[in-house]
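Heavy atoms only: backbone and side chains are in, while hydrogens, waters and symmetry mates are out. Residue numbering restarts at 1 for every chain, and letters A, B, ... go by the order of the sequence lines.
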There are 2 protein chains.
Amino acid sequence: MTQKSRKNSKFSTEQSIAYLIRDLTRQFSRTLQKDIAPYGILLGQYHFLRVLWEQDGITQRELAMAVGMKESTTFTALAGMESLELVQRQRDVGDRRKMIVTLTPKGKKLESVLIPLAKAVNNKALQNFSDTETEQLRNLLGKLSHSLHTDDQ
Amino acid sequence: MTQKSRKNSKFSTEQSIAYLIRDLTRQFSRTLQKDIAPYGILLGQYHFLRVLWEQDGITQRELAMAVGMKESTTFTALAGMESLELVQRQRDVGDRRKMIVTLTPKGKKLESVLIPLAKAVNNKALQNFSDTETEQLRNLLGKLSHSLHTDDQ
DNA sequence: TGTTGACGATTAGATACCTAAGTAGTAGCG
DNA sequence: CGCTACTACTTAGGTATCTAATCGTCAACA
């Protein structure tokens, strides 16, 4: 290691928190993507399905909020999912601006197949973690997220 | 919260580690991207610059490895960086398959400008973390990454 | 009741990645 | 040598996001 890279341990190339997290995201994505691909589901679609399995019949905007994606991203994903007949979209009768998204039987059925795959990835990642460590990690990540969201500084 | 979403705390929509991490990556990316945009640098380019500032004159493949990106991604990023005159690429004389990447003065100068911006984002995220917590987080993330990489299970 | 502004969805266009399939150049071996 | 396999880069094409701009609908109020 060069002198340069040692001078700030909070930020060296290998160790910055941001880098570690970005790298982990890629690993998680690649892994889960490969697992669900055989079922014809794209990773970008899976995120939306996961929310719909718990809250069916919500609007596109609510879905976007729940998943944490922008509405344009949500729109694109749903368009693909509709053509695959995983979801159905209909205008809200009461407020025609809104688009209600509901799962088709095909979309519903996937829950029992895909959730275990996602759990497996999560469990593999956490295989050597005690419950305490898992909780610790979750708390630290939450704190990180909260700090990044604040507008001060 | 529905009964359903409560039944497995390790995996509910809001709390899965993979989701938290993916979300954090987006936050980090958006934040840093906005900060560096005024200098005409794209986030995807920044990652490569960061490595080059510490190890100038390496090959494209070495750079890809150091950054943790695929070579095709590296190639595209470098092409853009070359046209912005941030780096120069020349064939290795000894082995003409290799492409040596070196920073231009313009690329070098950016180090003193951009690194503080990246540090600021990191520090903002870690603003309420004690040194112990930071180290803890780093260790937990490293462990996570290691577990995901193993081929067993 | 007509105008204006907010809201929700959509479209357009860009960035950041990936996988898979080329294309050279190098090296090893019979 | 000359074939073959490997290495490094490149190209092609696709996915997952984003921001910014536009379009239809609704609501509020002068």
Visitor: Check each residue of residues 31-43 of chain B for a non-hydrogen atom within less than 4.0 Å of any atom in DNA chain D, then write out the ones that pass by number, or none.
Guide: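 Here the set is empty: none.
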Visitor: By the 4.0 Å heavy-atom rule, please label B:Q60 as base, sugar-phosphate, or nothing.
Guide: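 The answer is sugar-phosphate, as B:Q60 gets under 4.0 Å only of primed atoms, P, OP1 or OP2.
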Visitor: Strictly below 4.0 Å: does B:R30 bring a side-chain N or O up to OP1 or OP2 of D:dC18?
Guide: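 Yes.
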Visitor: Report yes or no: is there a donor-acceptor pair, N or O only, under 3.5 Å between the side chain of B:S72 and the base of C:dT19?
Guide: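 For B:S72, whose side chain was compared with the base of C:dT19, there is a donor-acceptor pair (under 3.5 Å).
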Visitor: Can you tell me if the side-chain N/O atoms of A:R26 get under 4.0 Å from OP1 or OP2 in C:dC18?
Guide: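 Yes, because at least one side-chain N or O of A:R26 sits under 4.0 Å from OP1 or OP2 of C:dC18.
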Visitor: Take atom CZ of A:R91 as the centre, draw a 6.0 Å sphere, and report whether it contains more than 12 heavy atoms from other residues, nucleotides or ligands.
Guide: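 Yes, enclosed.
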Visitor: Within this structure, what is the CZ-to-C1' distance between B:F75 and D:dG13, rounded to whole angstrom?
Guide: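 Distance check: B:F75 CZ to D:dG13 C1' gives 15 Å.
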Visitor: Using a 3.5 Å cut-off and no angle test, enumerate the donor-acceptor pairs between side-chain atoms of residues 27-37 of chain A and protein atoms at least two apart in sequence or in another chain.
Guide:
| from | atom 1 | to | atom 2 | distance (Å) |
| --- | --- | --- | --- | --- |
| A:Q27 | OE1 | B:S145 | OG | 2.9 |
| A:Q27 | NE2 | B:S145 | O | 3.3 |
| A:Q27 | NE2 | B:H149 | ND1 | 3.3 |
| A:S29 | OG | A:T25 | O | 2.8 |
| A:T31 | OG1 | A:Q27 | O | 2.7 |

Visitor: Without placing hydrogens or testing angles, list every side-chain donor-acceptor pair under 3.5 Å for residues 69-84 of chain A, not counting sequence neighbours.
Guide:
| from | atom 1 | to | atom 2 | distance (Å) |
| --- | --- | --- | --- | --- |
| A:E71 | OE1 | A:R61 | NE | 3.3 |
| A:E71 | OE1 | A:R61 | NH2 | 3.1 |
| A:E71 | OE2 | A:R61 | NE | 2.8 |
| A:E71 | OE2 | A:R61 | NH2 | 2.8 |
| A:T74 | OG1 | A:K70 | O | 2.9 |
| A:T76 | OG1 | A:S72 | O | 2.9 |
| A:E82 | OE1 | A:R89 | NE | 3.0 |
| A:E82 | OE2 | A:R89 | N | 3.3 |
| A:S83 | OG | A:G80 | O | 2.9 |

Visitor: Got a salt bridge between B:K143 and A:E133, using NZ or NE/NH1/NH2 to carboxylate O under 4.0 Å?
Guide: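 A:E133 and B:K143: salt-bridged.
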Visitor: Rounding to an integer number of Å, can you tell me how far A:D23 CG sits from C:dC17 C1'?
Guide: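 A:D23 atom CG is separated from C:dC17 atom C1' by 13 Å.
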Visitor: What is the distance from CG of A:L78 to P of C:dT11, rounded to the nearest Å?
Guide: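 Atom CG in A:L78 sits about 13 Å away from atom P in C:dT11.
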Visitor: Step by step, work out the side-chain contact (heavy atoms from CB on, under 4.5 Å) result for A:L86 and A:L103.
Guide: CA-CA 6 Å; A:L86 299 170; A:L103 287 167; 5.8 Å; no
Visitor: Give a yes/no answer on whether the side chain of A:K70 brings an N or O atom under 4.0 Å of OP1 or OP2 in D:dT19.
Guide: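 For A:K70, the contact criterion (side-chain N or O under 4.0 Å from OP1 or OP2 of D:dT19) is met.
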Visitor: Sequence neighbours left out, what passes salt bridge (Lys or Arg N to Asp or Glu O under 4.0 Å) with B:E85? Give chain and number order.
Guide: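 Scan of B:E85 (salt bridge (Lys or Arg N to Asp or Glu O under 4.0 Å), adjacent residues dropped) gives none.
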Visitor: Please figure out whether A:E71 or A:R22 has its closest DNA chain C nucleotide nearer the 5' end.
Guide: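 Counting from the 5' end, the first nearest nucleotide belongs to A:E71.
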Visitor: Could you state the NZ-P distance from B:K98 to D:dT7, rounded to the nearest angstrom?
Guide: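 The answer, rounded to whole Å, is 11 Å.
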Visitor: Can you name the residues that form a salt bridge (Lys or Arg N to Asp or Glu O under 4.0 Å) with B:E62, not counting sequence neighbours?
Guide: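 B:E62: no salt bridge (Lys or Arg N to Asp or Glu O under 4.0 Å) contacts found.
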Visitor: In terms of heavy-atom contacts, does NZ of A:K106 have more than 12 from other residues, nucleotides or ligands at under 6.0 Å?
Guide: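 Result for NZ/A:K106: enclosed.
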Visitor: In whole Å, I'd like the distance from the CD1 atom of A:I100 to the P atom of C:dC7.
Guide: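 Atom CD1 in A:I100 sits about 18 Å away from atom P in C:dC7.
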Visitor: Say you draw a straight line from CD1 of A:I58 to NZ of A:K98; how long is it, rounded to the nearest 0.5 Å?
Guide: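 NZ of A:K98 is found 12.0 Å from CD1 of A:I58.
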Visitor: Rounding to an integer number of Å, can you tell me how far A:E62 CD sits from C:dG8 P?
Guide: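 Spelled out: CD on A:E62 to P on C:dG8 is 9 Å.
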Visitor: I need the CZ-P distance between A:R61 and C:dT10, as an integer number of Å.
Guide: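 It works out to 12 Å between those atoms.
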Visitor: Let me know the distance between CG of B:L49 and P of C:dA16, rounded to the nearest Å.
Guide: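 My rounded result for the distance is 12 Å.
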Visitor: Using heavy atoms and a sub-4.0 Å distance, could you list which residues of residues 82-97 of chain A are near DNA chain D? By number, please.
Guide: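 Per residue number, the list reads A:D95, A:R96, A:R97.
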